[in-house]
There are 2 protein chains.
Amino acid sequence: MTSSYSGPQVRRATILDVAAAAGVSRQTVTRAMNDMPGISASTRERVQQLAAELGYSPSRFAKGLVQGARTSLGLAIPDLTNPYFPAFASSVVEEATQRGWNVVVDDFGHGSGSGLDAVARLGPQVDALVGYLGASSSEAQSMMGRRPVVVLDYPSGQSAGLISFDYAYAAQLALERLKSARCRRIAYLDADLEGPATTRGLAVAAAAAGAGIQLTVGQSADSAHAAREAVRSLLADEGGIDGLLVFNDLMAAGALKALRDAGRRVPEDCAVIGMDGIPLGELVTPELTTLSLDLRAVGRAAVDLVDNLMSGRIQAGSRDSELVLKHQLVLRQSA
Amino acid sequence: MTSSYSGPQVRRATILDVAAAAGVSRQTVTRAMNDMPGISASTRERVQQLAAELGYSPSRFAKGLVQGARTSLGLAIPDLTNPYFPAFASSVVEEATQRGWNVVVDDFGHGSGSGLDAVARLGPQVDALVGYLGASSSEAQSMMGRRPVVVLDYPSGQSAGLISFDYAYAAQLALERLKSARCRRIAYLDADLEGPATTRGLAVAAAAAGAGIQLTVGQSADSAHAAREAVRSLLADEGGIDGLLVFNDLMAAGALKALRDAGRRVPEDCAVIGMDGIPLGELVTPELTTLSLDLRAVGRAAVDLVDNLMSGRIQAGSRDSELVLKHQLVLRQSA
DNA sequence: TGGAAATACGTGAACGTTCACGTGCTGCAT
DNA sequence: ATGCAGCACGTGAACGTTCACGTATTTCCA
């Protein structure tokens with residue numbers, strides 16, 4: 001058996017170690033480390049030097065305990081690999097950084113975790129939570145106690161702050177566009193997720209019914225690859241489709257691939273509209289017409305809401321704690 | 001002037017508040033909250049109930065102080081919006097979560113921040129750092145003191161742990177492929193970044209010289225849009241290019257657009273090879289041949305290295321603290 | 001009915017900082 | 001000589017937990 005050397009778990013140097021080494025008191029070390037006045041230049045330098053040699057870095061816990069918390073924001077994301085989320089996360093991080101907060105992320109897509117697992121992990125570490133939680137928002141809120149929770153893209157708000165999207169409006173925009181492009185046989189490809197998918201699906205179905213459109217509905221996992229397969233078999237079953245609305249842009253990219261595989265020209269043979277407006281849409285061929293969302297604005301709104309909830313300017317569960325954002329139709333080549 | 005109500009900055013409830021409300025001691029509250037033995041079921045329930053009512057959640061600082069740190073890992077990312085990084089970040093988060101660590105991210109792309117700003121922000125909050133820092137790794141290490149630092153894609157390791165890539169090998173693979181595709185006039189589009197770009201550029205130039213290839217070099221910012229413009233003007237200046245190697249896949253996607261704009265067929269008129277192997281490459285048309293990197297493996301390697309540095313199994317600055325990964329040529333349609 | 005063991009709780013100390021003071025010393029004007 | 005200001009530094013207390021004990025009260029068997 002080779003040595004199971006467990007390494008230098010030696011006890012980190014504390015402020016007292018530095019003080020002893022320098023022959024001064026705690027407070028003088030504090031003054032040196034934090035560039036406070038009331039200390040001579042020579043002492044300051046000597047202490048800093050010694051601190052570096054001992055590998056001293058102040059305990060964030062002790063500091064936090066005595067100074068009061070620097071806010072830390074939990075960010076629960078289903079899957080950072082899905083290009084929708086980085087755009088959003090990036091904006092949250094930027095906005096939080098501007099406020100001097102820091103952001104603890106949890107990606108619960110891998111492994112069998114649900115959103116609530118992420119909340120459980122983040123809970124003890126953070127002062128507030130923002131997340132795309134497929135799970136019930138009130139569950140999350142109860143795990144966080146009085147601390148602010150903002151849930152995105154969830155059907156109906158309970159006790160938590162909520163940012164949702166006006167899918168009825170979005171669906172109407174998309175269907176109008178497809179109709180004016182003379183599409184007759186329209187399909188909607190939904191994702192097989194819990195919350196958002198059904199919401200979007202219902203909104204699209206309702207809008208179609210309202211507009212007298214007979215809608216074919218398909219479903220796939222939330223990935224380009226899965227969408228490609230789903231559209232492939234959709235085309236096999238329902239040959240005559242000439243308009244396709246897709247759950248999101250990533251899946252729409254897969255749909256474009258499937259249409260190309262089947263020899264259908266886009267938009268001539270079949271128009272395609274995606275959803276959410278991620279940068280990817282401009283890089284595929286043909287470029288994707290989409291119901292665009294300003295994802296940076298979504299992130300900003302989420303952090304703003306947290307800020308307002310934390311400061312008490314907005315009451316959790318009140319009308320003001322729910323925000324509905326609208327998509328915007330961006331015309332490119334695919335429809 | 002309307003009320004500038006500053007909200008309930010009231011002082012968070014502490015364990016003593018709960019104890020008082022329940023008529024028990026601190027310790028009993030601790031037992032109730034942490035599901036420890038030595039407490040009756042009825043008391044436990046009553047305390048938990050009261051805690052919820054008072055909105056009590058234990059201070060992570062006090063807890064951390066007395067229990068010893070739960071490891072938290074800083075992750076410094078230049079730009080989450082660039083699809084290279086989420087794939088990496090996602091893997092780091094997953095790997096860290098498995099170890100029970102949590103991850104604090106900082107995206108320093110927005111604003112004028114350099115990597116060192118991110119290190120300064122993260123430094124006080126974390127026990128170790130992983131990052132794509134354009135800045136000098138030894139600067140970062142000195143800001144972190146004895147705490148582990150792992151820098152990615154940086155030319156030469158100093159005091160910090162280092163994960164870099166064998167660009168000589170990668171360049172050779174790419175140029176061989178282009179040569180065997182009968183490309184005569186080959187260009188390399190570099191990014192205008194500090195560290196990595198020059199490294200890659202030098203490697204490509206060296207490999208070209210070694211293979212007797214005369215190389216045209218262009219440069220652009222690290223985005224699809226900028227690359228599109230750069231390739232547009234490259235084609236205007238140097239009409240005869242029939243092979244193009246690009247700094248990364250995102251820029252390669254822009255290059256594909258520019259070639260299409262100019263009426264060049266890919267790969268017939270001009271072959272294109274990207275770098276890093278992000279999922280986007282499979283979604284563009286034609287699908288992108290690329291020097292692929294297993295980004296999840298990169299994240300795994302980074303967290304492993306941090307783990308080893310932290311436990312002392314590997315000494316910072318030693319040979320073992322440097323790891324060189326190799327790209328792999330993935331043939332798709334564009335070359 | 002004695003006494004040991006189990007149960008349910010309480011108390012001092014410690015974690016590592018910073019804050020709000022307090023103290024000694026030097027220099028300088030009166 | 002006296003007083004007073006300013007500088008450089010030190011000390012008790014506090015932040016909110018948990019840990020390692022200690023202590024009543026009850027239980028249960030011989």
Undergrad: Round to a whole Å and report the spacing from CZ of Arg26(B) to P of dA14(C).
TA: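 So the CZ-P distance, Arg26(B) to dA14(C), works out to 13 Å.
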Undergrad: For Gln67(A) and for Arg44(A), find the nucleotide of DNA chain D with the closest heavy atom, then tell me which residue's nucleotide is more 5'.
TA: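 First, find each residue's nearest nucleotide; the 5'-ward one identifies Arg44(A).
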Undergrad: Taking only the side-chain nitrogens and oxygens of Lys63(A), find out if one of them lies under 4.0 Å from OP1 or OP2 of dG16(C).
TA: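 False: Lys63(A) side-chain N/O out of range (4.0 Å or more) of dG16(C) OP1/OP2.
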Undergrad: Provide, to the nearest angstrom, the distance between the CE atom belonging to Met36(A) and the P atom belonging to dA20(C).
TA: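 That distance rounds to 9 Å.
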Undergrad: With a 4.0 Å cutoff (strictly under), does any side-chain N or O of Thr30(B) reach OP1 or OP2 of dT18(D)?
TA: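 Yes, Thr30(B) has a side-chain N/O under 4.0 Å of OP1/OP2 on dT18(D).
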Undergrad: Can you tell me the distance, in whole Å, between the CG atom of Leu65(B) and the C1' atom of dT17(D)?
TA: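 Distance check: Leu65(B) CG to dT17(D) C1' gives 8 Å.
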Undergrad: Any donor-acceptor pair under 3.5 Å linking the side-chain atoms of Gln49(A) with those of Glu53(A)?
TA: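 The criterion, which ignores hydrogens and geometry beyond distance, is satisfied for Gln49(A) and Glu53(A).
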Undergrad: Can you tell me whether the side chain of Arg12(A) and the base of dG16(C) have a donor-acceptor pair closer than 3.5 Å?
TA: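 Checked by distance alone, the answer is no.
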Undergrad: For Ser59(A) and for Val24(B), locate the closest nucleotide of DNA chain C by heavy-atom distance; then report the residue assigned to the nucleotide nearer the 5' terminus.
TA: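 So the residue in question is Val24(B).
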Undergrad: Which part of the nucleic acid, if any, lies within reach of Gln27(B) when heavy atoms closer than 4.0 Å are counted: base, sugar-phosphate only, or nothing?
TA: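 Base: the residue Gln27(B), judged by heavy atoms under 4.0 Å, touches a nucleobase.
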Undergrad: In this structure, how many angstroms lie between the P atom of dG16(D) and the CG atom of Leu54(B), rounded?
TA: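 Answer to the nearest Å: 15 Å.
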Undergrad: For the pair made of CZ in Arg60(A) and P in dC15(C), what is the distance, rounded to whole Å?
TA: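 Spelled out: CZ on Arg60(A) to P on dC15(C) is 18 Å.
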Undergrad: What's the CG-C1' distance between Asn34(B) and dT17(D), to the nearest Å?
TA: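 Going from Asn34(B) (CG) to dT17(D) (C1'), I get 10 Å.
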Undergrad: Side-chain contact test, heavy atoms from C-beta onward, threshold under 4.5 Å: evaluate it for Leu122(A) versus Asn102(B) and give yes or no.
TA: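 With C-beta onward as the side chain, the pair stays apart.
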Undergrad: In whole angstroms, how far is the P atom of dA8(C) from the CD1 atom of Ile39(B)?
TA: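 Rounded to the whole Å, the gap is 9 Å.
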Undergrad: Report yes or no: do Ser90(B) and Arg296(B) form a side-chain donor-acceptor pair below 3.5 Å?
TA: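 Note: Ser90(B) and Arg296(B) side chains meet the donor-acceptor criterion.
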Undergrad: For dA8(C), does OP1 or OP2 lie under 4.0 Å from any side-chain N or O of Thr28(B)?
TA: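 So the side chain of Thr28(B) is outside the cut-off, no N or O lying under 4.0 Å from OP1 or OP2 of dA8(C).
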Undergrad: For Ser59(B) and Arg12(B), does a side-chain donor sit closer than 3.5 Å to a side-chain acceptor?
TA: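 Short answer, no.
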Undergrad: For dC9(C), take OP1 and OP2 only and decide whether either is under 4.0 Å from a side-chain N or O of Ser40(B).
TA: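 For Ser40(B), the contact criterion (side-chain N or O under 4.0 Å from OP1 or OP2 of dC9(C)) is met.
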Undergrad: CZ of Phe61(A) versus P of dC15(D): gap in Å, rounded?
TA: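 For the pair Phe61(A) CZ and dC15(D) P, the rounded distance is 20 Å.
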Undergrad: Taking the side chain of Tyr56(B) as its heavy atoms from C-beta onward, which of dT11(D), dG12(C), dT17(D) lies nearest to it?
TA: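 When the side chain of Tyr56(B) is considered, dT17(D) is the closest of dT11(D), dG12(C), dT17(D).
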Undergrad: When the ring centroid of Tyr154(B) is compared with that of Tyr132(B), is the distance short of 6.0 Å?
TA: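 Centroid separation for Tyr154(B) and Tyr132(B): 6.0 Å or greater.
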Undergrad: Got a donor-acceptor pair under 3.5 Å from the side chain of Arg31(B) to the base of dG10(C)?
TA: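 Yes, a donor-acceptor pair under 3.5 Å.
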